[in-house]
J.: 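Structure provided below as structure tokens; questions to follow.
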Amino acid sequence: MTMDDPCAFFREQTILLTGGTGFLGACLLYKLTMKLDTQKIYAVVRGSTEAAISQWKKTMPEHIEVMLATKKIELILGDMTKHGFGIEQAILREMAGSVTVIIHAAANINWLSTIPLKESTSNNCLPVLGLAEAAATFEKLVKFVFISTTYANSFLPDGIVGEKIYAVGDAEQHLKQILSEGKVSEGVDSGFATPYTFAKHLAEQLLLSRNPGLPILIVRPSTVGPAISEPHPYYYRRGSCPGSDYIERYMSAPDSGIVHVSPHCPDGTNICDEIPVDIVANLTLLHIVHGTAGIVQAGAESYAKRTMAHFHQDIIDHFPRQDGARGPEFHYVTDKTIKQGRYAEFGKIWARDWHFSNAASKSFRSVKGPLSIALGDHDAAEKFMKERARRISEEVVRRRASKNSEQSS
């Protein structure tokens with residue numbers, strides 16, 4: 001078996017995948033089924049199997065029926081936030097005797113600061129801790145993968161962020177306080193971008209400290225963007241792709257354009273860290289094959305570094321100007337007393353100047369085959385992202401025309 005032929009590894013693996021209907025999770029499901037000839041995938045879905053299939057038909061309309069026809073996917077009804085994950089005990093026992101790799105991609109991603117910390121912790125911290133506890137009984141387990149986020153360390157100052165834990169106090173005490181009081185001591189979580197990022201931070205610390213004997217791999221993607229090629233070019237899920245959602249909001253109804261930026265990058269020259277979802281999936285699966293343990297990050301360093309100014313220029317260049325609409329103007333300010341636009345508040349993590357190390361993945365740059373991450377140079381990335389903006393612009397115009405037509409009829 002070589003890194004260029006990961007199929008040899010995955011043919012012998014039985015996977016338990018959570019979050020398979022999500023943006024990254026569905027991409028992983030596609031790769032495991034269609035590209036890696038995986039022996040079997042237990043995909044945990046909430047609500048009903050019909051709802052899951054309906055979601056996949058929206059995002060992967062040309063692939064899902066073929067994927068299901070392989071008979072490699074077994075849909076398991078469950079809810080990771082409930083006791084026992086809402087999964088039948090007989091199925092849990094079956095998985096405990098056969099699953100070799102667990103990939104926990106389920107999450108309730110929310111970049112707003114208004115979500116209660118206890119709610120975010122219940123959705124994004126407790127499930128992975130419970131799953132890890134259950135995984136200790138899995139007889140054949142070789143890897144436990146937790147999909148976290150680089151922004152789990154959003155309390156850090158601008159600069160290099162390594163592939164390691166940056167502990168903030170006593171994680172066990174913080175969790176106990178959140179569950180009993182709904183909050184932590186004043187100042188503990190104040191530096192984090194959102195409750196979601198703090199919940200992920202706690203999850204990382206507690207997962208590693210509570211389970212020293214578990215073969216854990218924590219994958220931290222930065223902002224996940226649309227696919228370069230798989231399941232299909234520009235694959236994304238509306239509401240789960242922050243960069244695309246940010247562009248759509250500006251193109252639909254521009255705000256003041258005022259954006260807070262780091263004093264180190266007053267002209268918006270900080271890296272707007274975004275990485276295509278299929279590269280995140282490939283890196284995750286490559287590290288599983290390689291047997292990597294600990295923490296790895298997946299960000300622009302593994303793809304192409306683009307600045308905030310580049311990102312905003314995409315919006316300006318492709319802004320829909322029907323009916324004489326005036327395009328947005330962006331104004332970068334370092335004075336935080338000046339109120340920034342409402343969309344800038346939504347995307348405030350991109351105004352920072354972090355540099356997320358991807359050192360653990362450097363050896364994969366020459367890998368070929370179904371999990372290659374060599375999906376284009378910087379020029380290709382520029383063209384790809386500009387085309388993304390153009391497509392969103394067309395969709396905004398289409399939705400606007402459809403809404404106007406409905407109102408006039």
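Both backbone and side-chain heavy atoms feed into the values below; hydrogens, waters and symmetry mates do not. Keep in mind that this is a model prediction, so the values were computed, not measured.
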J.: Given side chains that start at C-beta, do those of Thr194 and Ile115 come closer than 4.5 Å, heavy atoms only?
T.: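 Thr194 vs Ile115: side chains apart.
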J.: For His331, I'd like to know if atom NE2 has over 12 heavy atoms of other residues, nucleotides or ligands within 6.0 Å.
T.: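 More than 12 heavy atoms, drawn from other residues, nucleotides or ligands, come within 6.0 Å of this atom.
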J.: Could you list the residues that satisfy side chain to side chain contact (heavy atoms under 4.5 Å, CB included) with Asp314, not counting sequence neighbours?
T.: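 Expected list: Arg306, Met385, Lys386, Ala389.
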J.: Can you name the nearest heavy-atom pair linking Ala281 to Leu24, along with the distance?
T.: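 Closest approach of Ala281 to Leu24, heavy atoms only: N-CD1, 4.0 Å.
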J.: Would you kindly say whether Asn358 and Ser302 are connected by a side-chain donor-acceptor distance under 3.5 Å?
T.: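 Side-chain D/A pair, Asn358 to Ser302: present.
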J.: Roughly how far, to the nearest 0.5 Å, is CD of Glu119 from CG of Leu117?
T.: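 Leu117 atom CG to Glu119 atom CD measures 10.5 Å (nearest 0.5 Å).
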J.: Restricting to pairs with a member in residues 221-232, which pass salt bridge (charged side-chain N to carboxylate O under 4.0 Å, His left out), not counting sequence neighbours?
T.: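 Pairs touching residues 221-232 that pass the test: Lys31-Glu230, Lys35-Glu230.
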J.: Between Thr292 and His287, do the side chains contain a donor N or O and an acceptor N or O under 3.5 Å apart?
T.: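 Present: a donor and an acceptor within the cut-off.
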J.: Do side-chain atoms of His174 reach the backbone of Val168 as a donor and acceptor pair under 3.5 angstrom?
T.: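 At least one qualifying donor-acceptor pair exists.
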J.: To the nearest 0.5 Å, how far apart are CD in Glu133 and CG in Leu214?
T.: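 Answer rounded to 0.5 Å: 11.0 Å.
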J.: Can we say Glu274 and Arg388 salt-bridge, meaning some charged N sits less than 4.0 Å from an Asp/Glu carboxylate O?
T.: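 Salt bridge: yes.
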J.: Mark yes or no for whether Thr100, through its side chain, and Thr14, through its backbone, hold a donor-acceptor pair below 3.5 Å.
T.: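 Looks like yes, one N/O pair under 3.5 Å.
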J.: Do you know which two heavy atoms are closest between Ala193 and Ile349, and how far apart they sit?
T.: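 What the structure gives for the nearest pair is CB-CG2, 3.6 Å.
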J.: Output all residues satisfying side chain to side chain contact (heavy atoms under 4.5 Å, CB included) with His63, sequence neighbours left out; order by chain, then residue number.
T.: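 Tyr30, Met60, Met67, Pro231, His232.
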J.: Just so I know, are the side chains of Leu206 and Leu175 near enough to count as touching, which here means a heavy-atom distance under 4.5 Å?
T.: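 A side-chain contact under 4.5 Å exists here.
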J.: For Tyr236 and Phe23, which heavy atoms make the closest approach, and how far apart are they?
T.: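 It is CA-CE1, 3.2 Å.
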J.: Between Thr38 and Gln13, do the side chains contain an N or O donor and an N or O acceptor separated by less than 3.5 Å?
T.: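 Distance-only check fails for Thr38 and Gln13.
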J.: Does any non-hydrogen side-chain atom of Arg220 lie less than 4.5 Å from one of Val296?
T.: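 SC-SC contact between Val296 and Arg220 ruled out.
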J.: Quick one, Trp56 and Lys58 - any side-chain contact, counting heavy atoms below 4.5 Å?
T.: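 No, their side chains stay 4.5 Å or more apart.
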J.: Between Gln177 and Ser185, do the side chains contain a donor N or O and an acceptor N or O under 3.5 Å apart?
T.: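 There is such a pair between these side chains.
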J.: Are the side chain of Asp278 and the backbone of Ser229 linked by a donor-acceptor contact shorter than 3.5 Å?
T.: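 Between the backbone of Ser229 and the side chain of Asp278 there is a qualifying donor-acceptor contact (under 3.5 Å).
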J.: Please indicate whether Lys71 has more than 12 foreign heavy atoms, meaning atoms of other residues, nucleotides or ligands, lying under 6.0 Å from its NZ.
T.: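 No - once you tally the heavy atoms of other residues, nucleotides and ligands closer than 6.0 Å, there are 12 at most.
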J.: Under 4.0 Å between a side-chain nitrogen and a carboxylate oxygen: does that hold for Lys72 and Asp37?
T.: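 Yes.
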J.: Quick check: does any side chain N or O of His318 sit under 3.5 Å from a backbone N or O of Glu387, one acting as donor and the other as acceptor?
T.: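 Checked: no pair found.
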J.: Using every non-hydrogen atom in the two residues, find where Tyr235 and Cys27 come nearest and quote the distance to one decimal.
T.: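 Shortest heavy-atom contact: OH-N, 3.8 Å.
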J.: Please enumerate all residues that pass ring-ring contact (aromatic ring centres under 6.0 Å, His included) together with Phe146, with sequence neighbours excluded.
T.: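 With sequence neighbours excluded, Phe146 shows a ring-ring contact (aromatic ring centres under 6.0 Å, His included) to no residue whatsoever.
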J.: Can a donor-acceptor pair be found, under 3.5 Å and without considering hydrogens, that links the side chain of Arg390 to the backbone of Asp317?
T.: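 Between the backbone of Asp317 and the side chain of Arg390 there is no qualifying donor-acceptor contact (under 3.5 Å).
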J.: Can you list the residues that meet the side chain to side chain contact (heavy atoms under 4.5 Å, CB included) rule with Ala199, with sequence neighbours excluded?
T.: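 For Ala199, the residues satisfying side chain to side chain contact (heavy atoms under 4.5 Å, CB included) (neighbours in sequence not counted) are Ser120, Thr121, Asn124.
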J.: Given Pro221, which partner from the list Ile147, Asp273, Thr150 fulfils the side chain to side chain contact (heavy atoms under 4.5 Å, CB included) test?
T.: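 Single side chain to side chain contact (heavy atoms under 4.5 Å, CB included) partner of Pro221 among Ile147, Asp273, Thr150: Ile147.
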J.: With salt bridge (Lys or Arg N to Asp or Glu O under 4.0 Å) as the test, would you mind laying out the steps for Glu204 and Lys200 before giving the verdict?
T.: CA-CA 6 Å; Glu204 288 187 4; Lys200 285 288 193 178; over 6 Å; no
J.: Could you check whether any side-chain heavy atom of Lys82 comes within less than 4.5 Å of a side-chain heavy atom of Ile87, counting everything from C-beta outward?
T.: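 No, their side chains stay 4.5 Å or more apart.
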J.: If a pair satisfies salt bridge (charged side-chain N to carboxylate O under 4.0 Å, His left out) and one of its residues is in residues 166-190, list it, with sequence neighbours excluded.
T.: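 Listed once each, the pairs are Glu172-Arg210.
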J.: Looking at Val145, Ile15, Leu371, which one forms a side chain to side chain contact (heavy atoms under 4.5 Å, CB included) with Ile288?
T.: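 For Ile288, the side chain to side chain contact (heavy atoms under 4.5 Å, CB included) check succeeds only for Val145.
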J.: When rounded to the nearest 0.5 angstrom, what is the spacing between SG in Cys265 and CG in Asn270?
T.: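 It comes to 5.0 Å.
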J.: To the nearest 0.5 Å, how far apart are CD in Glu395 and OG in Ser252?
T.: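 Between Glu395 CD and Ser252 OG, I get 10.0 Å after rounding to 0.5 Å.
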J.: Identify whether the distance between the nearest side-chain nitrogen and carboxylate oxygen of Arg399 and Glu248 falls below 4.0 Å.
T.: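 Looking at Glu248 together with Arg399, the answer is yes, because their closest N to O distance falls below 4.0 Å.
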J.: Between Phe138 and Phe144 (judged by ring centroids, cut-off 6.0 Å), do the two rings come close enough to count as a pair?
T.: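 Between Phe144 and Phe138, which both carry aromatic rings, the centre distance is not below 6.0 Å.
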J.: Are any non-hydrogen side-chain atoms of Ile73 and Leu29 less than 4.5 angstrom apart?
T.: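 Touching, per the 4.5 Å side-chain cut-off.
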J.: Can you tell me if Glu94 and Tyr42 form a side-chain donor-acceptor pair at under 3.5 Å?
T.: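 A pair is found: one side chain offers a donor N or O, the other an acceptor, under 3.5 Å apart.
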J.: Taking the side chain as every heavy atom from C-beta outward, state whether Ile271 and His355 have any pair of such atoms under 4.5 Å apart.
T.: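 Ile271 vs His355: side chains touch.
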J.: Is there a side chain to side chain contact (heavy atoms under 4.5 Å, CB included) between Ile76 and Val45 once you walk through the steps?
T.: CA-CA 6 Å; Ile76 304 297; Val45 298; over 6 Å; no
J.: Parallel, tilted or perpendicular: which fits the ring planes of Phe155 and His201, with parallel below 30° and perpendicular above 60°?
T.: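 Phe155 and His201: perpendicular rings.
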J.: Hey, does Val367 have a side-chain heavy atom less than 4.5 Å from the side chain of Leu286?
T.: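 Sidechains of Val367 and Leu286: in contact.
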J.: Work out which heavy atom in Arg342 is nearest to a heavy atom in Asp255; give both atom names and the distance.
T.: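 Heavy atoms of Arg342 and Asp255 come nearest at N-OD2, 3.1 Å.
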J.: Would you give the length of the straight line joining atom CG of Leu17 to atom CD1 of Ile102, rounded to the nearest 0.5 angstrom?
T.: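 Leu17 atom CG to Ile102 atom CD1 measures 11.0 Å (nearest 0.5 Å).
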J.: Side chains of Arg11 and Gln39 only: does a donor on one sit below 3.5 Å from an acceptor on the other?
T.: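 Side chains of Arg11 and Gln39: no pair found under 3.5 Å.
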J.: How many angstroms lie between atom CG of Asn110 and atom CG of Asn123, to the nearest 0.5 angstrom?
T.: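 Answer for the CG-CG pair, Asn110 versus Asn123, is 10.0 Å.
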J.: Might you confirm whether atom CZ of Arg391 has over 12 heavy atoms from other residues, nucleotides or ligands at distances under 6.0 Å?
T.: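 For Arg391, atom CZ is crowded (more than 12 foreign heavy atoms under 6.0 Å).
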J.: Using 30° and 60° as the class boundaries, would you call the ring planes of His312 and Tyr250 parallel, tilted or perpendicular?
T.: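 It falls in the perpendicular class, over 60°.
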J.: Donor-acceptor pair, distance only, cut-off 3.5 Å: does the side chain of Thr307 make one with the backbone of His310?
T.: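 Confirmed, Thr307 side chain pairs with His310 backbone.
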J.: How about Asp267 and Thr269: does a side-chain donor come under 3.5 Å of a side-chain acceptor?
T.: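 The criterion, which ignores hydrogens and geometry beyond distance, is not satisfied for Thr269 and Asp267.
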J.: Short question: side chain of Asp245, backbone of Gly239 - any donor-acceptor pair under 3.5 Å?
T.: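 Yes, because the side chain of Asp245 sits within donor-acceptor range (under 3.5 Å) of the backbone of Gly239.
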J.: Can you confirm whether the side chains of Tyr151 and Thr223 place a donor and an acceptor under 3.5 Å from each other?
T.: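 Yes, because at least one side-chain N or O of Tyr151 sits under 3.5 Å from a partner of the opposite role on Thr223.
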J.: Would you name the heavy atoms of Leu156 and Trp354 that are closest together and state the gap between them?
T.: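 Shortest heavy-atom contact: O-NE1, 3.0 Å.
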